[in-house]
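As structure tokens, the structure follows; a few thoughts come after it.
Both backbone and side-chain heavy atoms feed into the values below; hydrogens, waters and symmetry mates do not. Start at 1 and go down the list; that is how both ligands and their atoms are numbered.
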Amino acid sequence: MIEMQNVVKKYPNKTTAVRGLTVNIDRGEFVYVVGPSGSGKSTFIKLMYREEKATSGKKLEVAGHNLLRIKNKDVPYLRRDVGVVFQDFKLLPKKTVYENVAYAMQVIGRKPRDIKKRVMEVLDLVGLKHKVRVFPSELSGGEQQRVSIARAIVNTPKVLIADEPTGNLDPDTSMEIMQLIERINGQGTTVVMATHNKTIVDTMRHRVIAIANGLIVRDEAEGEYEFDD
Ligand code: ADP
Ligand code: ADP
């Protein structure tokens, strides 16, 4: 589902954030990406949804898209196959919960009737059907993250990418969000999640890819967090 061979990312200021990443992530896997601040986790993840372009690489394929060759006009097609969740939710403040989720379907031209049915379905899945008319500012952090997860999966992506999804949430709420992400993974969606949360990584065991100085330094099935921040 995700294949990288020797992928390098240098930023314009000459920082080499990622220096030759080679990794394969199969359909249906759940992968944690861990490592110290500044090690390249966000860059690794941003390369997967074309938020950043690779400087060089032998291969960079995600959900059937060749990201070394993809044209800008084709990036929206990639984004249908790759849903993204952020630490700070990034909801649209002037749109309601319903509108925030529906928007992701409107921009790809889905029919209003299909949109209504699917939006209610995903809001039910994340437990927020009763909040459709509410604005993000009226929700708790955990509820806002649920809306952002609903938005990320509304177009049934093959891959769900999450960059520190529990970074702004208390421990109990973090566990609830993790249970939701695990449920989505259980339905077949490949999950890649960058995190600093040792408790989560050590209790909800999945593959762990550790990054340090722009390189993969550890890759273990059912691994542990295993380093000091
Ligand atoms: P995190 O991955 O912890 O959410 P960021 O990706 O925002 O944080 O930033 C990680 C590191 O990258 C920080 O050290 C930050 O200063 C640096 N950084 C982020 N954006 C830029 C930029 N545009 N120019 C230089 N450094 C940046
Ligand atoms: P992490 O997510 O592990 O904190 P990042 O991928 O954000 O790491 O950052 C890796 C390195 O790249 C850091 O040295 C950071 O300062 C640098 N960096 C990140 N984003 C940018 C950017 N937009 N411009 C320049 N340097 C950046």
## Note on the structure
ligand 2 to P36, heavy atom cutoff 4.0 Å, flagged ligand atoms 3 (O)
### Query
Side chains of D74 and H65: do they bring a donor and an acceptor to under 3.5 Å?
no
### Query
Taking atom OH of Y103 as the centre, does the number of heavy atoms from other residues, nucleotides or ligands within less than 6.0 Å exceed 12?
no
#### Entry: For ligand 2, the portion of P12 having any non-hydrogen atom under 4.0 Å away
neither
### Query
Can you tell which part of T43 has a heavy atom less than 4.0 Å from ligand 2: side chain, backbone, both or neither?
both
### Message
Any atom of ligand 2 sitting under 4.0 Å from a heavy atom of S37?
### Response
yes
### Query
If every non-hydrogen atom of M105 is compared with every non-hydrogen atom of N155, which pair is closest and at what distance?
CG-OD1, 3.3 Å
### Query
Going by heavy atoms, is G214 under 4.0 Å from ligand 2?
no
#### Entry: Name of the residue among R205, E182, M204 meeting side chain to side chain contact (heavy atoms under 4.5 Å, CB included) with F30
E182
### Message
Check this for me: does any side-chain nitrogen of one of K198 and D202 sit under 4.0 Å from a carboxylate oxygen of the other?
### Response
yes
### Query
Any N or O of S39 that comes nearer than 3.5 Å to an N or O of ligand 2?
yes
### Query
Is the shortest N/O to N/O distance between G40 and ligand 2 below 3.5 Å?
yes
### Query
Using a distance-only test with no angle check, is there a side-chain donor-acceptor pair under 3.5 angstrom linking T15 and N13?
yes
## Note on the structure
ligand 2 to N13, heavy atom cutoff 4.0 Å, flagged ligand atoms 25 (C), 26 (N)
